[in-house]
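Hydrogens, waters and symmetry mates are skipped; everything else that's a heavy atom, side chains included, is used. Numbers restart at 1 for each chain; the letters A, B, ... are given by sequence-line order, proteins then strands. Values in this document were obtained by computation on a predicted structure and should not be read as measured data.
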Amino acid sequence: MPVSLLWAVDVYGRVYSLSTRGQQWEQCRDAVLEFKRVTAVQQCCWGIACDHHIYLNVHSSDVPIRYQEETFENQRWNPLDNFSDRLLPSDRWQWSNITGLEHQPLDSFFLPSSNWEWEGDWYIDENFGGEPTEKEGWTYAIDFPATYTKDKKWNSCVRRRRWIRYRRYKATDTWAKIPSEGHSGPLPDPFNDISCGGWEISEEPRGRLSLWAVSLQGKVWFREGIHHHSPEGDGWEEVSLPGEVVQISCGPGDLVWAVLWEGQLIVREGITRDCPRGSSWVVVDSPNPEAGAIHVAVGDNVVWAVTKDNKVWYRRGINSYNPRGSGWIGMIGEMVMINVGLNDQVWGISCEDRAVYFRQGVTSSELSGKAWKAVNVPRDGDIRSHSSASSSSLHSAGCFFSGEVRAQSVMSEDSDTKNGPQRAVLEEASLREADAKSPPLTHLAVGPAGVRGDAADTCSLSSVATYTLCQEEPYGADEHPLWAWVSGGGCGVDCHSQLNWFNSATALSSSVQSMSLSISPAQTAAWRKQIFEQLSERSKREMDNFKHYEQAIEQSVWVKKGTMQWWRDWKPHKWVDVRFALEQFSGPEGNQDGILFLYYNFNEEKKYLHAFINEVTILVPVLNDSKHTFAIYTAERTKQRWPIRLAAATELEMHDWLALLSVSCCDSRGIQGPPSKQALWSVTCKGDVFVCEPSPSLETCPYPTPCDQMFWHQVGGHLRLVESNSLGVVWGVGYDHTVWVYTGGYGGGFLQGLARSTDNIYTQTDVKCVYIYENQRWNPVTGYTNRGLPTDRYMWSDATGLQECTKANTKPPSPHWTWVADWAIDYGISGGTDREGWQYAADFPTSYHGHKTLKDFVRRRRWARKCKLTTTGPWQEVPPIPLSDVTIIPCGAQSIVEPIPLWAISNKGDVLCRLGVTLLTPAGTSWLHVGTDQPFKSISIGGASQVWAIARDGSAFYRGSVTAQSPSGDCWYHIPSPVRQKLQQVSVGRTSVYTVDQHGNLWFRQGLTPSCPQGSSWEHISNNVRKVSVGPLDQVWIIADKVQGSHSLSCGTVCHRLGVQPMEPKGQSWDYGIGPTHVTGSRHT
Amino acid sequence: MADDKDVLRDVWFGRIPTCFTLYQDEITEREAEPFYLLLPRMSYLTLVTDKVKKHFLKVMKAEDIEEMWFDFEGTSLKWHYPIGLLFDLHASNTALPWSITVHFKNFPERDLLHCPSNSVIEAHFMSSIKEADALKHKSQVINDMQKKDHKQLWMGLQNDKFDQFWAMNRKLMEYPTEEGGFRYIPFRIYLTMSDRPFIQKLFRPISPDGHTHTLGDLLKEVYPVAIPNDDESKRYQVVIHGIEPLLETPLQWLSEHLSHPDNFLHISVIPVPSD
């Protein structure tokens, strides 16, 4: 679980945050003002300060927010001046945008606000679609607008070049004021409530957010244009209302609810991808007709409300089709306010003790949770006494609205009868105070009470203020923090999260355990050492001198039996019931060995099949949505490309067998404990992680272990790609782009008990999407319908159209995966879509495009549904930046503190260089962002710190001057791709560089020398290659498709290049290895 | 640093060198040679002494043979205690090999249970495991197991198959992470000089305020005499599997790693030898 923050404001307006890994509230020191309210999301926190302006605190990240400004310089040729900026009157501007329609001289670009800075000056882009241009960066055409080429031709009459300049958002980790201006001048009144959310509505543009604000007069405003490259947004738009609003809440998705002055609630409808503001309001009655609602909080699929009597209500029946829900359920507990954070987790502030409470047991199946639990951690300032500075500034904050303070106090004639007399006294006192010196009432800003004069409606709103009054005198030294507002929108906890927030007694001991990757104190404790020492002493004392004694129990054969289904060897292939047995015995040297038997019937005849445990090369769980299946390979069966495929009756049974077989196989090969530093790592297309212990002679002897005899065993975890070096530093990336570092343990997943290390095993999760397609055909009568021709594909199908996949019958990829969301239209499919996600084509199956033309008779759209896997393994998360590729220098670092170069590409295409990676700290410390002019997709670092990368446009880049002193190098050298090929992936060894293009061709870089590290040209080596990996001694491993076996063709075969010699880095031929295990990544030593 | 799994192996493969001699009053046809054997600490005497029986039967007449039983220096050895426990309790500070006297007559009915067959041992072993799981998981784990799983535990012990036994036993050693340990720790404390066979009470691995209970905490609660006062010298040894763990060792860890196959932590409290 990555670290995230819970934000809160106390009754004095001080802003605090609590880290999921921490145990104390940290005061936000740089907040010069007091705040009324905050609303947090993962990347930033918005707040309303006591000056009623809105402030934004963007959390700093290793990858800065930078925006590329571009403009084009256009020139036309004439016989006199040659190319010059003298254009024809009908031409575009001399400086323009890409379309030529807008005039954009360099000096017309301004920073959007004082929170931005320029990164450098303007420069010319010399990369044209992956090809380097001439020095000046000009591209030529016959006329505007036309296709441009990088070469000047006889008929080139015009030319243009692209200028680039970056600006960077600098106001991170500080509260930056957002000017409160609407599109038509300043807003008439200050803000009172704010709520941020909506990031799930659309992924485009990246990081898009909805920000809703309520003004003191009860108007609602929507902030336009907030996204990653524009964290502040553009401006406010007023949203028309059926009444006056006091408070609003916006969920991560399309839920937006608000509370009206009169105590009813309103629900925003019509919020879609194209219209995040929504279209209309619907009124929902307050849960209690006597006491109107004063507060509402919404999440993904939940709505909670608080009424004036401080009762908490849960709204039943909320889903994506019915944002209104169906009814209220009263909940236990009295709260002042409630906030719904990530994963629909609920936070509240109790009306009794003003503590922050967390709703325990909120799961997707039980969204209302079970009980309230107080967050019980100290504040960082609790140790020292409160500074007088804060009280004086509070004072001034109070002054700001002192007029309203008075008005409010008068108006607050209680409906809250039981506290009535007491309150009256207090308020009298406060009146005197207010006259004299303006009491420090930061929260009286809920002031419209004064304007409206409707006492019954306002009293509970003013409770915050009243409380402040009560605590007037000792307010600096209160024992328990008194909270006014909490926001969990950025706090990534769920009901399984282990938090150290609830019991301050255990807080300290558990803080030690949360340290990453360090040796836990339990391991070094004296008691443990004592036990180890005494046990070995005991063995010496009791056994060493008596080895000649007879053993009381003779070793015997142990047989484990079971029933399974087997994918039979002969046609027609089908699952048949078989009996299955493992006989284990001790080998001649005391090592464990065994034989597997599989008893079946063939033509009424009893037969059996066997395999020696010490000949098994890999045990692979196989993806199957209905059966629990796995495959057993031996060298012989790898050659045939036909493993023993088995299915167990239950998941548990399969795991028992896999764990037992895995331990048996490892025992028979003498493999115990964690993988060695030199181990080869790989992942299957299912995400399972395997390691192979190389024999010492693997690389050096003339006859290396053939690939099909290498033994792979599984370690826990789930990864999409894995990278290792010869020092034992291993990084992995999950399907959801989460980054994981290997902890040095072993086991996890189904490998429990003996096959699992005691420490260094952590929970790991992964999320991926399952896609299905909705297909439709056009007919002249009804247009597009789901009635196809008899020859058509299924109207709901997989990508190929051959398999029927409806929303109802499509299951997660395996029983380990569970759905975590509903089906949603996927707009991100390549080729583009229309507003409803449709892609059009003349017929199935052809290439699809995102807009309808006259020739299109069919259309399809893709639906995606997220599913999640939770497992365990020796992996720990490296937050916070998700990655798409990672590479570690294959060798180097002799000492344990020497930095190990590690480069990565974020899932947005940013190139990153990891600092502080050593043998002791394999996770490193921080990312260093390496600027590029376009997103990248693949990266590799080889011997002597040669860094090669592939950009999205398919061309390669070489990073110059990467050294230990300058770990991120100095500049990129652009290397064109092979003619008409877009490169996909690169791997660098000691001296050789290999790339794979999008058509599966493998290319070798010619002419690499120390003086010319960029090389000279690409040479074609092979086709049908999915991925390449080059080792530190230039060993070449690939994952190949269409490898011929004696039984079948296989895809995803690991192959090793034979004949790689220092003088012949290209090698001669391939050694085809382990069969269709769909290995997708390996980088070995 | 070695792994905790190594402790399990070390504990499992603990052996006590033993010299079996026939009781002097037994009637033999010719002189009975002593018989030497490595006894597994985790097992039960009657389960592993078929060879001993065979050895002495060779020199005896069939009519002189009744149920075999053992004593050490006059103390009858209870077969239903694990061998390691018997050794620690009665013989831990004596010279090796452990010298056990074999009897075929005068079965001490008052001290020992009869053991007509291995199925009696199995029944005893399984009932111990069930009792332990009742303490640890309210019997949930053991009840979820099938008959063959129970058999696997027993066969693992009987045939000295570490992997076979632990493949199943690990399930008995699991607990929900959020609880930090078992419900109660199955333990028994044995005293040499007491009339009570052993002390057994309900004791949780974690204190109500969230602290980890240690071996010392247990003794303080259950048998405080075993803990030396500050000013006096140590009077008792607290022995598990022939070793003396430090008193600050967490009880949960001990239960997971130093329990016998019957899932009980058998703790011997014996006087420090006087010499």
Side-chain angles (χ1 to χ4, degrees), chain A residues 496 498 503 505-507 509-510 519 522-539 541-543 545-558 560-562 584 592 656 659-660 663-664 667 672-674 745-747 752-759 763, chain B residues 1-8 10-11 13-18 35-41 43 47-52 96-97 152 155-156 158-164 166-167 169-171 173-174 177-178 209-212 214-215 241-250 253 257-258:
Chain A
H496 304 297
Q498 291 193 8
N503 192 347
T506 55
S509 62
S510 49
I519 298 166
Q523 263 181 316
T524 52
W527 58 262
R528 180 191 292 256
K529 232 170 115 189
Q530 161 104 349
I531 284 172
F532 278 89
E533 283 170 8
Q534 289 199 359
L535 275 174
S536 81
E537 248 172 60
R538 187 194 77 173
S539 309
R541 186 174 69 233
E542 295 179 356
M543 285 150 73
N545 292 326
F546 305 97
K547 288 216 170 116
H548 54 287
Y549 280 28
E550 203 176 323
Q551 290 282 355
I553 303 174
E554 297 296 339
Q555 287 302 308
S556 56
V557 174
W558 171 42
K560 182 173 164 79
K561 290 179 190 156
Q584 266 197 319
Q592 289 284 317
D656 275 354
L660 177 70
V663 168
S664 300
D667 276 351
Q672 267 189 6
Y746 58 98
Q752 296 296 329
L754 301 170
R756 173 189 193 275
S757 55
T758 319
D759 301 303
T763 302
Chain B
M1 172 65 69
D3 193 81
D4 285 350
K5 296 290 173 302
D6 299 340
V7 174
L8 299 181
D10 277 4
V11 166
F13 291 106
R15 296 285 185 269
I16 296 166
T18 314
F35 187 73
Y36 296 93
L37 206 57
L38 281 175
L39 294 182
R41 273 177 164 273
S43 197
L47 189 59
V48 294
T49 46
D50 282 352
K51 288 179 180 180
V52 178
L96 288 172
Q152 184 173 337
M155 295 303 281
Q158 190 178 17
N159 296 328
D160 194 26
K161 292 285 180 203
F162 176 76
D163 290 336
Q164 184 181 3
W166 270 100
N169 196 50
R170 67 169 177 83
K171 296 182 185 172
M173 290 298 176
E174 285 166 1
T177 12
E178 62 270 18
D209 59 356
H211 289 289
T212 314
T214 63
L215 180 59
H241 292 296
I243 64 169
E244 286 182 75
L246 293 178
L247 291 180
E248 60 260 34
T249 313
W253 191 93
H257 295 89
L258 294 193

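Counting heavy-atom pairs under 4.5 Å between each of B/Ser43, B/Pro40, B/Pro250, B/Gly242 and chain A puts B/Pro250 at the top. If you tally non-hydrogen atom pairs under 4.5 Å between each of B/Leu39, B/Val7, B/Asn169 and chain A, the highest count goes to B/Val7. Ranked by heavy-atom pairs under 4.5 Å with chain A, the list B/Leu37, B/Leu47, B/Thr18 is led by B/Leu37.
The side-chain heavy atoms of B/Pro17 and A/Glu542, taken from C-beta on, include a pair separated by under 4.5 Å. For the pair B/Arg15 and A/Gln551, the minimum side-chain heavy-atom distance is below 4.5 Å. Counting heavy atoms from C-beta on, the side chains of B/Gln152 and A/Lys560 come closer than 4.5 Å.
To the nearest 0.5 Å, atom CG of residue A/Asn545 and atom CG of residue B/Leu96 are 9.0 Å apart. How far OG1 of B/Thr214 is from CH2 of A/Trp527: 11.0 Å, rounded to the nearest 0.5 Å. A distance of 8.5 Å separates NE2 in A/His548 from OH in B/Tyr36, rounded to the nearest 0.5 Å. To the nearest 0.5 Å, atoms CD (B/Glu248) and CD (A/Gln530) are separated by 8.5 Å. Here B/Thr249 contributes atom OG1 and A/Arg528 contributes atom CZ; the two are 10.0 Å apart, rounded to the nearest 0.5 Å. Residue A/Arg538 holds its CZ atom at 7.0 Å from NE2 of B/His241, rounded to the nearest 0.5 Å.
Partners of A/Lys561 under the side-chain contact (heavy atoms from CB on, under 4.5 Å) rule, at least two apart in sequence or in another chain, are A/Val559, A/Ala581. When the salt bridge (charged side-chain N to carboxylate O under 4.0 Å, His left out) test is applied to A/Asp656, the partners found at least two apart in sequence or on another chain are B/Arg170, B/Lys171.
Each of B/Asp10, B/Val11, B/Ile243 was checked for a side-chain contact (heavy atoms from CB on, under 4.5 Å) with A/Ile531, and the lone residue meeting it is B/Ile243.
Contact detail for A/Glu550 and B/Phe35: the closest heavy-atom pair is OE1-CZ, 4.0 Å.
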